[in-house]
Trainee: 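This is the structure, below, for whatever I ask next.
Read the numbers this way: they start at 1 and go in the same order the structure lists the ligands and their atoms. If you read the sequence from its start, that first residue is 1, and numbering goes on from there.
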Amino acid sequence: MRLILFGPPGAGKGTQANKISENYVAAHISTGDMLRSAVKNGTELGTLAKSFMDKGELVPDDVIIGIIKDRIKEGDAKQGFMLDGFPRTIAQAEALNGMLEEESESIDTVVSIEVNDEEIISRILERAKIEGREDDTEDVVRNRLNVYRNQTEPLKDFYKTEGILAEVDGMGTIDEVFDRIKEVLNKVEQ
Ligand code: AMP
């Protein structure tokens, strides 16, 4: 299965992604995790990415698209993958479609986790306390939400038009949300 896990920052994508990858798909591809690891290792990519991440801005499309292009060619992604945090712009989504078409492949489903703004901000600030992520201060969080609404949310219409968008209520416990996601994925698998 090839799926995209979609939703605003703080919707619980990372948590649900871990549960999904245990049960359904081989490769869990998180652009945020890849960038954070590049920052930690002090690579050229890391230095470039950090300047955007610290402000809650998106890393330029060509950089992210290049990373994904290489990553989905790796062996563990051949049987299927889950993209977590990518695509985040229409240009990224179009580039992804192009990459998959070259291999006669396509995305099976886009699971969009729906959570209201108030809940998002309180969840992210809570996570900031626990994990100490540098991009989780209140100003940066608000900017990331604005960026999400302006640049990323339009992707829902993009995938709705393709007929593969599945909206899932992200409120409730981790297991309640996962049960809703399972319902979607079980239908796709049939
Ligand atoms: P995340 O952990 O997915 O919330 O990503 C953390 C940060 O990494 C984002 O705020 C962006 O600065 C950057 N980032 C992650 N994925 C992407 C992407 N697909 N396009 C652009 N920037 C990204």
Trainee: Would you please say whether a donor-acceptor pair under 3.5 Å links the side chains of Gln16 and Asp84?
Mentor: no
Trainee: Rounded to the nearest 0.5 Å, what's the gap from CG on Leu165 to CZ on Phe6? Could you check?
Mentor: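 CZ of Phe6 is found 8.0 Å from CG of Leu165.
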Trainee: With heavy-atom distances below 4.0 Å as the criterion, list the atoms of ligand 1 near Thr31.
Mentor: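 It comes down to these atoms of ligand 1: 15 (C), 16 (N), 17 (C), 19 (N).
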Trainee: Considering non-hydrogen atoms of the protein only, which is the closest contact for atom 10 (O) of ligand 1, and what is the distance?
Mentor: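 Ranking protein heavy atoms by distance from atom 10 (O) of ligand 1, first comes Arg144 NE, 3.7 Å.
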Trainee: Numbering the atoms of ligand 1 from 1, which are under 4.0 Å from a heavy atom of Gln92?
Mentor: 18 (C), 19 (N), 20 (N), 21 (C)
Trainee: Would you say the side chain of Arg180 lies within less than 4.5 Å of the side chain of Val184, judging by non-hydrogen atoms?
Mentor: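 No - every pair of side-chain heavy atoms lies 4.5 Å or more apart.
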Trainee: Is any side-chain N of the basic residue among Arg123 and Glu118 closer than 4.0 Å to the acidic one's carboxylate O?
Mentor: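 Answer for the salt bridge query: no.
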Trainee: Between Arg144 and Glu57 (salt bridge meaning N to carboxylate O under 4.0 Å), is one present in this structure?
Mentor: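 Salt bridge flag = no for Glu57 with Arg144.
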Trainee: Using a 4.0 Å heavy-atom cut-off, say whether Leu58 meets ligand 1 through its side chain, its backbone, both or neither.
Mentor: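 Both backbone and side chain.
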Trainee: Are any of the N/O atoms in Val59 less than 3.5 Å from those in ligand 1?
Mentor: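 Yes; at least one N/O pair falls below 3.5 Å.
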Trainee: When you compare ligand 1 with Asp33, is there at least one nitrogen or oxygen pair between them that comes in under 3.5 angstrom?
Mentor: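 Looking only at distances, the answer is no, because the N/O contact criterion of under 3.5 Å is not met.
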Trainee: Specify the protein heavy atom at minimum distance from atom 13 (C) of ligand 1: its residue, its atom name, and the distance to 0.1 Å.
Mentor: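 Heavy-atom neighbour on the protein nearest atom 13 (C) of ligand 1: Leu35 CD1, 3.5 Å.
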Trainee: Between the side chains of Asn186 and Tyr24, is a donor N or O closer than 3.5 angstrom to an acceptor N or O?
Mentor: yes
Trainee: Could you tell me whether Arg36 approaches ligand 1 through its side chain, its backbone, both or neither, with non-hydrogen atoms closer than 4.0 Å?
Mentor: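 Arg36 to ligand 1: side-chain contact only, backbone stays beyond 4.0 Å.
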Trainee: May I ask you to identify the nearest protein heavy atom to atom 11 (C) of ligand 1, giving residue, atom name and distance to one decimal place in Å?
Mentor: Glu57 O, 3.5 Å
Trainee: Do the charged groups of Arg71 and Asp76 touch, with an N to O distance under 4.0 Å?
Mentor: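 Yes, this pair counts.
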Trainee: Short N/O distance, under 3.5 Å, between Phe86 and ligand 1?
Mentor: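 No; every N/O pair is 3.5 Å or more apart.
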Trainee: How far is atom 1 (P) of ligand 1 from its nearest protein heavy atom, and which residue and atom name does that atom have?
Mentor: Arg88 NH2, 3.5 Å
